[in-house]
Number of protein chains: 2
Amino acid sequence: MDAVDRKILALLQQNADISISDLAEEIGLTATPCWRRMQRLQQAGLITRKVALLDAQKLGLSMTVFVQVKAAQHDGKWLDRFARHASSFDEVVEFYRMSGEYDYLLKVMVKDMQCFDHFYKRLVNGIDLNDVTSSFAMEQIKYSTAMPLQHL
Amino acid sequence: MDAVDRKILALLQQNADISISDLAEEIGLTATPCWRRMQRLQQAGLITRKVALLDAQKLGLSMTVFVQVKAAQHDGKWLDRFARHASSFDEVVEFYRMSGEYDYLLKVMVKDMQCFDHFYKRLVNGIDLNDVTSSFAMEQIKYSTAMPLQHL
DNA sequence: AGTGAAATTCCTCACGA
DNA sequence: TCGTGAGGAATTTCACT
């Protein structure tokens, strides 16, 4: 992966709608080699897929909650079960196993507090948890799907 | 926005590469009205843009850190200055103003610990902060840009 | 709002440098 | 590995239902 490939990735992760010819022009190439590079990057799995990003506010999904969880048990079986359980909710938009005091961090998107309560009950009902604490986002200051390619 | 529009959004946020004719077929329409609906959804800003998602692992961006920050002051001027300061880093991929003990939550993506340290120094140097704590993600169990449209 | 066809643009694959 | 050109497929527009 050279500098040209990195430029292609940088442009595509900002705007995947750009036509091959425009993309080619931006990086100082013609359409065909540019297209071939993009194909390679896709086949190599560097580009996983292209998606449309939606406006959460306009959709009425105004509530973002970060839920921190402490595991009830620390054996592999429990971990695996919890991973599958929490992943299955489509309100859970991101989900990490963490170092530190809490074992898991979930980013949850819902319409309102009632929906969050409903989600919360379903989350804790399915499985044994030790400690669950929710922090509410008041304001989204930045959200980007673009990775910092500058620093590679 | 009716059920057909919602179905278009649901499909496009999973895969923006789908052709208009395939999309139209999926929702039981022909290409033109489907295309017109998509245009409307884009003009209305419900679809903000289309982007390529990259594989962080394969790029070598294997480190995700959640940084929690307490404000030094709580006047609007400081808040605005901090929002601009932290947003300016492209390592900061998400950034929220929070309720609860900590005022801000930042999701940071970097290559390794050295890069994180470099970022951290630049973050705290630019501005006066009261308390900064970093939690490291050991494993990404789920990451999705798709909003839960089911629950609207 | 939906259909079908026409025009235009873009993607894709030859081949040559 | 890049560029040119041609064929074919897709998008986009338009007139009509």
Side-chain angles (χ1 to χ4, degrees), chain A residues 1-61 145-152, chain B residues 1-61 111 144-152:
Chain A
M1 219 212 13
D2 59 5
V4 178
D5 282 341
R6 223 168 304 132
K7 199 155 184 190
I8 291 175
L9 293 176
L11 288 166
L12 284 178
Q13 76 175 343
Q14 296 296 341
N15 176 23
D17 252 348
I18 189 171
S19 75
I20 290 285
S21 39
D22 286 353
L23 182 64
E25 195 177 6
E26 289 260 15
I27 60 177
L29 241 59
T30 49
T32 303
C34 178
W35 177 82
R36 276 202 285 253
R37 277 171 182 270
M38 198 179 82
Q39 291 296 98
R40 258 197 324 122
L41 291 167
Q42 241 156 356
Q43 246 120 51
L46 282 164
I47 298 172
T48 52
R49 56 174 169 169
K50 296 178 185 171
V51 299
L53 298 181
L54 310 184
D55 188 313
Q57 294 291 330
K58 288 185 179 154
L59 284 168
L61 285 166
T145 57
M147 322 239 154
L149 301 176
Q150 261 66 35
H151 310 80
L152 288 180
Chain B
M1 216 209 19
D2 60 4
V4 177
D5 282 341
R6 222 169 302 133
K7 199 155 185 189
I8 292 175
L9 293 176
L11 288 167
L12 284 177
Q13 77 173 342
Q14 295 296 340
N15 176 22
D17 252 348
I18 189 171
S19 75
I20 290 285
S21 39
D22 286 353
L23 182 63
E25 193 177 10
E26 289 259 18
I27 60 176
L29 238 60
T30 47
T32 305
C34 179
W35 179 82
R36 277 204 284 252
R37 277 172 182 271
M38 199 179 80
Q39 291 297 99
R40 257 199 321 124
L41 291 167
Q42 243 157 352
Q43 247 119 51
L46 281 163
I47 299 170
T48 51
R49 55 177 170 170
K50 296 178 185 172
V51 299
L53 299 180
L54 309 185
D55 188 313
Q57 293 292 329
K58 288 184 178 155
L59 284 168
L61 286 166
K111 197 175 63 182
S144 173
T145 57
M147 322 240 154
L149 301 176
Q150 261 66 36
H151 308 81
L152 290 180

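Because the structure is a prediction, the values reported are computed rather than measured. Here is how names work: the chains are called A, B, and so on, in the same order as the sequence lines, proteins then strands, and each is numbered from 1.
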Participant: Within a strict 4.5 Å, meaning less than it, do heavy atoms of the B:Lys111 and A:Leu152 side chains meet?
Facilitator: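 Result yes, sub-4.5 Å side-chain heavy-atom pair found.
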Participant: Can you see if the side chain of A:Trp35 gets near the phosphate of C:dC11 - specifically, an N or O under 4.0 Å from OP1 or OP2?
Facilitator: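 False: A:Trp35 side-chain N/O out of range (4.0 Å or more) of C:dC11 OP1/OP2.
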Participant: When you measure from the side-chain N and O atoms of A:Arg36 to the phosphate of D:dG3, is any distance below 4.0 Å, counting only OP1 and OP2?
Facilitator: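 No, outside the criterion.
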Participant: So do B:Leu46 and A:Leu54 actually touch side chain to side chain, heavy atoms under 4.5 Å?
Facilitator: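 When only atoms from C-beta onward are counted, B:Leu46 and A:Leu54 do not touch, as no gap falls below 4.5 Å.
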Participant: Distance from A:Thr30 atom OG1 to A:Ile20 atom CD1, nearest 0.5 Å?
Facilitator: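 Result: 11.0 Å between the selected atoms.
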Participant: Heavy atoms under 4.0 Å, any strand shown: does B:Arg40 hit a base, just sugar-phosphate, or nothing?
Facilitator: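 The residue B:Arg40 makes no contact with any strand.
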Participant: Scan residues 17-32 of chain A against DNA chain C and write down, sorted by residue number, each residue with any heavy atom closer than 4.0 Å; if none is found, say none.
Facilitator: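 Contacting residues: A:Ser19, A:Ile20, A:Ser21, A:Thr32.
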Participant: Would you find more than 12 non-hydrogen atoms of other residues, nucleotides or ligands less than 6.0 Å from A:Glu25 atom CD?
Facilitator: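 Counting neighbours around CD of A:Glu25, 12 or fewer heavy atoms of other residues, nucleotides or ligands fall under 6.0 Å, so no.
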Participant: When the side chains of residues 3-13 of chain A are checked against the rest of the protein, which donor-acceptor pairs come out under 3.5 Å, sequence neighbours left out?
Facilitator:
unit_1, atom_1, unit_2, atom_2, d
A:Asp5, OD1, A:Arg37, NH1, 2.9
A:Asp5, OD2, A:Arg40, NH2, 3.3
A:Gln13, OE1, A:Met147, N, 2.8
A:Gln13, NE2, A:Met147, O, 2.9

